[in-house]
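Treat the numbers as computed from the prediction; the structure is a model and nothing was measured. Letters A, B, ... mirror the listed sequences (proteins, then strands); counts begin at 1.
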Protein chains: 2
Amino acid sequence: MTEHADPVTTPYRPRATLRDVAAMAGVSMKTVSRVVNGEAGVTPQKVDAVRLAVSRLDYRPNVSASALRRSSRRTAAIGTVLEDLANPFSSALLRAVEDVANEKRVLILAGSVDEDQQRERALVRAFTERRVDGLIIAPVGEDQGYLRTEMEAGTPLVFVDRQPQGLLADCVLSDNEAGARNAVHQLAEVGHRRIAYLGDLAIIPTAQQRFAGYQRGLLECGLPLDPAHVVHDLHTIDDAARATTALLRSEGAPTALFASQNLVTIGAITALQELGLEQGVALFGFDDFPLADLLKPRVSVVAQDPAAMGRAAAELLFERLDGERDRPRRILLPTTTVLRGSGEIPPGRP
Amino acid sequence: MTEHADPVTTPYRPRATLRDVAAMAGVSMKTVSRVVNGEAGVTPQKVDAVRLAVSRLDYRPNVSASALRRSSRRTAAIGTVLEDLANPFSSALLRAVEDVANEKRVLILAGSVDEDQQRERALVRAFTERRVDGLIIAPVGEDQGYLRTEMEAGTPLVFVDRQPQGLLADCVLSDNEAGARNAVHQLAEVGHRRIAYLGDLAIIPTAQQRFAGYQRGLLECGLPLDPAHVVHDLHTIDDAARATTALLRSEGAPTALFASQNLVTIGAITALQELGLEQGVALFGFDDFPLADLLKPRVSVVAQDPAAMGRAAAELLFERLDGERDRPRRILLPTTTVLRGSGEIPPGRP
DNA sequence: CTGAAAGCGCTTACAG
DNA sequence: CTGAAAGCGCTTACAG
């Protein structure tokens with residue numbers, strides 16, 4: 001009992017085990033196991049004795065130990081690998097995953113990758129070494145083939161936001177291209193002919209899709225693609241603000257801006273406000289954000305639904321855990337064009 | 001090998017174990033264990049043989065199984081219990097915890113309690129049943145005494161945002177009272193004498209502290225506390241907007257508003273904009289929020305630093321895990337008064 | 001330097 | 001209805 005006592009500091013009181021409960025209740029470990037797991041076929045008398053001992057010892061079963069021995073081998077935990085737990089997109093997605101998992105009494109291990117391939121692999125490895133029952137991943141690496149063994153071992157994998165490469169697996173995506181295209185159509189309809197593209201890192205697949213949608217939109221509207229109006233690789237608010245300022249001060253400045261992502265949109269707004277042009281230049285953002293409708297002008301956006309993505313991904317995952325063995329599914333969620341004002345500003349006079 | 005084969009669907013390929021690696025490498029399990037854990041004293045020849053087998057079998061050690069046997073009993077995972085993983089405060093805090101934990105190669109189990117005591121206990125129980133190495137908790141329950149056994153068993157506990165009740169443990173708090181008091185002083189300095197309080201659920205300890213700060217501020221500035229200007233129990237944007245509208249339409253309406261929380265501030269802004277009063281009524285919010293400085297007027301706030309809270313909490317926790325056995329510490333983080341414009345609007349003429 | 005035996009906390013597969 | 005023995009995947013504590 002006191003074998004682990006530390007001579008220097010107060011010893012910790014070791015946690016009670018199944019064996020301790022059995023000893024106190026005067027039954028076998030197997031009987032305690034039955035009671036704790038709610039199995040039928042135990043005398044009410046013994047059930048009471050076990051319950052009493054459990055509560056006296058404040059016994060907490062060791063779920064890891066039981067998972068180790070159980071035939072299902074389930075740990076009742078899933079891993080969620082996201083871009084950045086602090087950003088609104090990732091955190092809304094995570095919360096939706098949590099809500100679905102919670103109904104199944106499953107816990108969430110979560111981590112941020114920050115656009116770093118190494119980190120993606122390190123997190124996945126750490127999660128699989130804990131034998132999570134499944135993984136939801138917003139992939140950043142260029143190849144997810146390293147997950148093949150994991151899939152073959154029966155761990156369901158669902159990718160969100162971006163498609164996996166080098167691996168066939170379930171995924172849940174936003175229709176990035178259609179969303180961007182719609183924004184361009186909307187701006188063209190108001191009369192814009194010089195619509196700039198402000199894009200995130202060009203290596204990001206979703207950024208590529210949004211750029212493709214921008215190009216298609218221009219084409220469909222009979223507008224030329226002006227390379228001077230295309231800026232890639234904006235990853236922070238400051239990046240975007242600087243690029244916007246430069247663009248608007250240039251010869252033949254655009255009359256409308258399409259910002260391919262949250263932070264880029266905010267950077268563009270910052271620049272527009274500094275230049276006093278927020279009512280004079282149209283702006284469309286990809287991704288909605290809190291307070292977009294309290295700004296002046298209110299900000300028009302192509303909205304994704306991160307909560308719906310998280311929910312869909314979690315539901316796919318749990319279907320797999322329930323035995324669904326169909327071929328990989330690909331869920332494409334539509335975006336919503338939200339007209340609030342900034343996207344409807346007409347072109348000014350040249 | 002094929003004992004678990006399922007006749008109906010493709011069988012999963014069972015994951016390789018230490019035993020499999022040992023067999024393939026032609027060494028004992030103990031030797032594989034040594035290599036995998038980087039222990040010295042193994043012939044380079046055998047190290048190579050083991051490494052080869054590990055990579056051929058794509059062997060992933062089972063961390064739960066090893067934790068079960070290890071004397072330290074560490075699982076290299078901590079639990080984080082927060083209000084709502086989707087809100088900016090919780091998610092910024094979580095991300096900071098993650099960054100500290102990541103350096104220690106420790107994973108995060110996370111969950112939301114949504115102001116629900118039952119959920120707090122259920123999450124804590126689920127985490128402890130997985131034998132997390134420590135817990136960071138933003139408590140909502142009125143009593144955390146149920147965690148005593150856990151503490152005695154040696155699991156470090158750090159509370160954030162709110163103080164634990166019925167339990168002495170480390171905690172990291174914002175100085176809510178001082179922050180609210182400072183806001184009132186600021187508003188009074190500009191000339192306001194009728195400053196309304198818009199508060200969150202009165203049962204929330206931090207709301208109580210902010211209300212106390214509001215009262216103290218009024219007292220110190222020689223202003224009367226007008227019960228008609230105090231509204232409690234606003235928990236959503238809509239609640240706050242409605243209350244603000246009612247307040248501003250009433251006889252002897254306030255000339256300044258103190259909003260005790262994020263969503264309440266946003267609700268107040270919504271109402272002010274609808275009434276066209278955003279430039280005529282002063283507003284101070286507790287808690288900063290993204291875009292506060294892009295609104296018109298820019299929103300003055302008492303800023304907390306959720307990332308600093310998360311970092312401090314995680315650092316406390318890891319100090320405990322490193323053996324620190326001092327008495328519980330209480331870290332009180334100061335707030336920052338950020339003057340942006342809305343808090344400096346002077347009172348209009350009555 | 002290496003490995004056989006025992007055991008972490010629990011469940012399985014039996015036998016009674 | 002109940003329990004003794006074996007074993008999940010790994011590390012400990014030894015012995016050689």
Side-chain angles (χ1 to χ4, degrees), chain A residues 1 3-4 14-50 53-54 57-76 128-133 153-154, chain B residues 1 3-4 14-50 53-54 57-76 128-133 153-154:
Chain A
M1 275 299 169
E3 45 196 343
H4 292 298
R15 226 181 287 270
T17 66
L18 240 199
R19 161 174 267 108
D20 300 327
V21 177
M24 180 180 270
V27 299
S28 73
M29 286 170 52
K30 178 61 208 173
T31 296
V32 176
S33 174
R34 277 191 260 259
V35 173
V36 167
N37 293 300
E39 285 170 39
V42 180
T43 329
Q45 227 170 335
K46 300 212 168 182
V47 171
D48 287 346
V50 170
V54 162
L57 295 169
D58 199 13
Y59 169 68
R60 302 291 164 94
N62 183 328
V63 174
S64 305
S66 91
L68 187 61
R69 192 64 186 86
R70 267 177 211 284
S71 36
S72 88
R73 205 65 41 113
R74 292 278 168 85
T75 56
T128 57
E129 287 184 351
R130 261 93 181 170
R131 299 295 186 267
V132 290
D133 296 335
Chain B
M1 275 300 169
E3 46 196 344
H4 292 299
R15 224 180 289 268
T17 66
L18 239 198
R19 163 175 265 107
D20 299 327
V21 176
M24 180 180 269
V27 299
S28 73
M29 287 170 52
K30 178 60 207 173
T31 295
V32 177
S33 174
R34 276 191 261 258
V35 173
V36 167
N37 293 299
E39 285 169 39
V42 181
T43 328
Q45 226 171 338
K46 300 214 168 182
V47 171
D48 287 346
V50 169
V54 161
L57 296 169
D58 198 12
Y59 170 68
R60 302 290 165 94
N62 183 328
V63 174
S64 305
S66 91
L68 187 61
R69 192 63 185 87
R70 267 177 212 285
S71 36
S72 87
R73 207 57 52 104
R74 293 277 168 86
T75 56
T128 57
E129 287 184 351
R130 260 94 181 170
R131 299 294 186 268
V132 290
D133 295 336

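- The heavy-atom pair separating B/Leu57 from B/Ala16 by the smallest distance is CB-CB, 3.7 Å.
- Annotation for B/Ala25 and B/Ala49: closest pair CB-O, 3.7 Å, computed over non-hydrogen atoms.
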Represent DNA chain C in dot-bracket notation, 5' to 3'. Only Watson-Crick or G-U wobble pairs with both distances under 3.5 Å count; pseudoknot-style crossings use [ ] and interstrand partners use |. |||.||||||||.|||

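- The heavy-atom pair separating B/Ala22 from B/Met29 by the smallest distance is CB-N, 3.8 Å.
- Nearest-nucleotide assignment on DNA chain C puts the 5′-proximal partner with B/Lys30, out of B/Lys30 and A/Met29.
- No side-chain heavy atom of B/Val35 sits less than 4.5 Å from a side-chain heavy atom of B/Val21.
- Where DNA chain C meets chain B (any atom under 4.0 Å from a heavy atom), the bounding nucleotides read 5' to 3' are C/dC1 to C/dG9.
- Going from atom OG1 of A/Thr128 over to atom CZ of B/Arg60 covers 4.5 Å, rounded to the nearest 0.5 Å.
- Positionally, the nearest nucleotide of DNA chain D for A/Gly41 lies more toward the 5' end than for the other of A/Gly41 and B/Arg15.
- Heavy atoms only, all atoms of each residue included: A/Thr75 and A/Arg131 are closest at OG1-O, 3.0 Å.
- The two residues B/Thr17 and B/Tyr59 make their nearest non-hydrogen contact at C-CE1, 3.5 Å.
- The heavy-atom pair separating B/Pro61 from B/Val36 by the smallest distance is CG-CG1, 4.2 Å.
- For DNA chain C, the neighbouring residues in residues 64-71 of chain A, judged by any heavy atom under 4.0 Å, are A/Ala65, A/Ser66, A/Leu68, A/Arg69, A/Arg70, A/Ser71.
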Please determine whether side chain to side chain contact (heavy atoms under 4.5 Å, CB included) holds for the pair B/Val27 and B/Arg34, giving the CA-CA distance in whole Å, both sets of side-chain angles, and the decisive distance to 0.1 Å. CA-CA 11 Å; B/Val27 299; B/Arg34 276 191 261 258; over 6 Å; no

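- Atom-to-atom distance recorded for A/Arg73:CZ and A/Ser66:OG is 11.0 Å, nearest 0.5 angstrom.
- Residue A/Arg73 is in sugar-phosphate contact alone, with no base atom involved, counting any heavy-atom pair closer than 4.0 Å across all strands shown.
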